[in-house]
Amino acid sequence: MRRPADRWGAISGGEGSGTAQCQAGLTFRTMPDRPVVTRFAPSPTGHLHIGGARTALFCWAYARHFGGHFVLRIEDTDQKRSSEEAAKGILEDLAWLGITWDDGPRLEHEGTLIGGDPRGVGPFYQAQRLEIYQAYLERLLAAGRAYPAFETGEELERLRAEAQARKETYRYRQAEGYDHAQSLAEMRRREAAGEPYVVRFRMPDTAIHVIDSVLGDIRFDEEHTDDFVLRKADGFPTYHFAVVIDDELMGVTHVLRGQEHLNNTPRHVALQQALTHEDGSPFRTPVYAHLPLIFNADGSKMSKRDKDKAVRKAVQASPDATARALALAGKDALDTWLADKTRQLGTDSLLALAGDLRVELPEIDSEDFRRSGYLPGALCNYLALLGWNPGAKNDDGTDLERFDTGFLCDHFSLERIGKSNSRFDRDKLLAFNQAALGALTPDAFERELRTWCRRYDPGLPETLGDRFKAAARAIQPRVKVLSQCREPIAFALIADDSVVFDEKSVAKVLHKGEPTGLAVLKEFRPILGGLESFEPEAIELAVKAFCEARSLGMGKLAQPVRVALTGGTVSPGLGETIALVGRAGSLARIDRCLLVCAAR
RNA sequence: GGCCCCAUCGUCUAGCCUGGUCUAGGACGCCAGGUUCUCAUCCUGGAAACCGGGGUUCGAAUCCCCGUGGGGUCACCA
């Protein structure tokens, strides 16, 4: 599992590791003082967001780089929004991306088992760890570092509003003259009576320093912190509490997460300083690395609600669309969805509606990219470049930016993580994917296409039958994503007698010149009919021979045949096109073209 | 608004830490050519950036300060 030492890349001293300087001035890496453990800890409220995928990718690559452990933990402490279904979905999304975890929920993916608990640090669902949190909470309570609070939500809301009116930020602070013993008694009384209360953390009266491997040292002064909630009224821990305990108990050494968490970090650090294990040993502060955020191309925040937004807009735009939405979603569901911008429709309804209304859904979850037909390798490659850069050159002097996850694991380091936010550039991702598809061997591409079709377009292989292989050949260089696969071969998916002959093409290609395309076509028909093999290569040869014998340019034959077989002048190579339409189909289409277009 | 973070082509970035080799390099996109039976692929070329102002220095994209701009965050969500 561990890599040879000479393959470790450089790490900075701030990462809890030793950096040695040798005589020649070369820096080489040493193993950190304890095994590297990273974790990805999503809340199961939906599919894996693309920003989360990037975070997971980095955490995974970092652990792999050092031969450490990558933990997957499900943060389901919000009972209202979490679902087991979403958790499963996230596991599958990660597995599809090739991001596998060492410690975490078990998942069977393509015949291999991912996850497990080799270090005995589970369970990995926070909802199953409530007793653990409670034990630490009680120690904090006993030490006076945590205390019960009895304000209702409405009261807090009012206090916040009042502060806002004074142009201040409301911060919960332990009241003057607070009596801990009395407060604990009240807590016990409420406990017995089944009345709600929360437990808050007493923040220290000192500034908190956060050491971040990406952003440097950051100081948060005490007047800007507040006594946040540790245990909610429903008995569940808040994120802050659970994350600190679990990270410590699971031996997490490096926390890589989005920059939106930066302002939470002083709370976590303060908690680490206040918490101890049963034996009195202190919690440790992991190395933090806050990752720059990813935005939409237009600079707006990438949100899982974007998909709903796009469809909602289309629905509201026309009464016709509203009617169709009504049929799909039902009146009540539609009304609440339209009225509440924060509401999300089910994936299936959303997809159906988008298809029906011809709305392009923005891709924001990893599942969306899978559906669109991106290769996980290309996605990971592009994602890795959002906030990280290998800083290396290719032999031709261009920047090295196309690489696989193996390269990422070998070279990933915190010191090359950028500080500034980036925008998600679909065009560049598309280019990466097109290159990745193009680099596949024809057989590998065919397999990828089949796999994708099985999930998202089972009708295509059915329609194509034994022409699938030829279709795949024609498709490969012509699509950027697998979901475009029907476009280059659309002519092969329609009935022979439903080809629509484009007027302009007919005029230009069939009627103009000498000889006319029509004449060439007529002459070519019997040659085609008499071919022994109908493989693209054989057809190609026959076509060349035909043209050479008559001193015709290839175009003089190819374009008329294209119009006859596809209705237009654009299609894959002539041999491929003819092969895809098939012998009977080709002859029928040529005959029909001769008949229909001669009259024009 | 308070706090925190950030700032190189339209976008992602290299260079910045360890000032000079930067008339700032690459990728995507864009534009113009070329190869090819059309399309796509492929090849060649081009336009395109150091946010502003001070300072330090012989010298600043690189170091410091201020301004401006952008972003994050201010929950019994995570």
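Letters go in sequence order (proteins before strands), and every chain restarts at 1. These figures come from a predicted structure and were not determined experimentally.
Contacts between residues 155-173 of chain A and RNA chain B, defined by a heavy-atom separation under 4.0 Å, are made by A:Leu156, A:Arg160, A:Thr169, A:Arg171. Near RNA chain B, meaning a heavy atom under 4.0 Å from it, residues 236-246 of chain A has A:Thr238, A:Tyr239, A:His240 in order of number.
Among the protein residues, A:Gly573 comes within range of the nucleic acid bases, having at least one heavy atom under 4.0 Å from a base atom. Using a 4.0 Å heavy-atom cutoff across all strands shown, A:Asn394 reaches no nucleic acid atom at all. Using a 4.0 Å heavy-atom distance criterion, A:Thr45 is classed as making no nucleic acid contact. Nucleic acid contact class of A:Gly575 (heavy atoms, under 4.0 Å, all strands): none. Among the heavy atoms of the strands lying under 4.0 Å from A:Ala233 is at least one base atom, whether or not backbone atoms are also near. Residue A:Arg416 is in sugar-phosphate contact alone, with no base atom involved, counting any heavy-atom pair closer than 4.0 Å across all strands shown. Counting non-hydrogen atoms under 4.0 angstrom, A:Arg200 reaches the backbone sugars and phosphates but no base. Residue A:Lys301 is in sugar-phosphate contact alone, with no base atom involved, counting any heavy-atom pair closer than 4.0 Å across all strands shown. Among the protein residues, A:Asn389 comes within range of the sugar-phosphate backbone only, with heavy atoms under 4.0 Å from sugar or phosphate atoms but none that close to a base. The residue A:Pro572 sits close to a base: some heavy atom pair falls under 4.0 Å. Using a 4.0 Å heavy-atom distance criterion, A:Val229 is classed as a sugar-phosphate-only contact. Within the 4.0 angstrom heavy-atom criterion, only backbone atoms of the sugar-phosphate kind lie near A:Glu75; the bases stay farther away. A:Thr398 comes within contact range of the sugar-phosphate backbone alone, with a heavy-atom separation under 4.0 Å but no base atom that close.
Applying the ring-ring contact (aromatic ring centres under 6.0 Å, His included) rule to A:Phe236 yields no partners; only residues at least two apart in sequence or on another chain are considered.
Side-chain atoms of A:Glu260 and base atoms of B:C4 include no donor and acceptor less than 3.5 Å apart. A donor N or O paired with an acceptor N or O is not found under 3.5 Å between the base of B:U11 and the side-chain atoms of A:Arg423.
Residue A:Gly216 is the one, among A:Arg562 and A:Gly216, whose nearest nucleotide of RNA chain B lies closer to the 5' end (criterion: closest heavy atom). Residue-to-nucleotide proximity on RNA chain B shows that, of A:Asp217 and A:Ala435, the 5′-proximal contact is made by A:Asp217.
In this structure the side chain of A:Phe220 never reaches within 4.5 angstrom of the side chain of A:Arg267, judged on heavy atoms.
One interatomic measurement links the two molecules: CD of A:Glu222 to P of B:C4, which rounds to 12 Å at whole-angstrom precision. At whole-Å resolution of the value, CG in A:Leu574 and C1' in B:A40 are 15 Å apart. Across the protein-nucleic acid pair, A:Arg478 atom CZ and B:C39 atom P stand 11 Å apart, rounded to whole Å. Look at CD1 on A:Ile294: it is 16 Å from C1' on B:C6, rounded to the nearest Å. B:C4 atom P lies 12 Å from atom NE2 of A:His209, rounded to whole Å. Distance A:Glu154 CD to B:A75 P: 16 Å, rounded to the nearest Å. Atoms CZ (A:Arg402) and C1' (B:C12) sit 12 Å apart, rounded to a whole Å. Going from atom CZ of A:Arg219 over to atom P of B:C5 covers 12 Å, rounded to whole Å.
Among all heavy-atom pairs drawn from A:Ser372 and A:Glu363, the shortest one is OG-OE2, 2.6 Å. The shortest non-hydrogen separation linking A:Gly387 to A:Arg54 is CA-NH1, 4.1 Å. Considering every non-hydrogen atom in both A:Asp247 and A:Val255, the closest pair reads OD2-CG2, 3.8 Å.
Side-chain N/O atoms of A:Arg231 and A:Gln134 include a donor and acceptor closer than 3.5 Å. If you check the side chains of A:Tyr170 and A:Asp226, you find no donor sitting under 3.5 Å from an acceptor. Judged purely by distance below 3.5 Å, without hydrogens or angles, the side chains of A:Thr566 and A:Ser571 never pair a donor atom with an acceptor atom.
Distance from the side chain of A:Ser420 is smallest for B:A7 among the nucleotides B:A7, B:C28, B:G25. Considering only the side chain of A:Lys428, B:C12 comes nearest among B:C6, B:C12, B:C4.
Remark: A:Glu154 does not engage A:Arg158 in a salt bridge, criterion side-chain N to carboxylate O under 4.0 Å.
Between A:His268 and A:Phe228, the gap from one ring centroid to the other reaches at least 6.0 Å. For A:Phe424 and A:Phe369, the ring centers sit closer than 6.0 Å to each other.
When Watson-Crick and G-U wobble pairs are counted only if both distances are under 3.5 Å, B:A47 pairs with no nucleotide at all. With a cut-off of 3.5 Å on both pairing distances, B:C22 has no Watson-Crick or G-U wobble partner at all. Base pairing analysis places B:A27 opposite B:U11; the two distances defining the Watson-Crick or G-U wobble pair are each below 3.5 Å. Taking a pair to require two hydrogen-bonding distances under 3.5 Å in either a Watson-Crick or a G-U wobble arrangement, B:G69 pairs with B:C6.
Within the cation-pi definition used here (under 6.0 Å to the ring centroid, within 45° of the axis), A:Arg200 qualifies as a partner of A:Tyr172.
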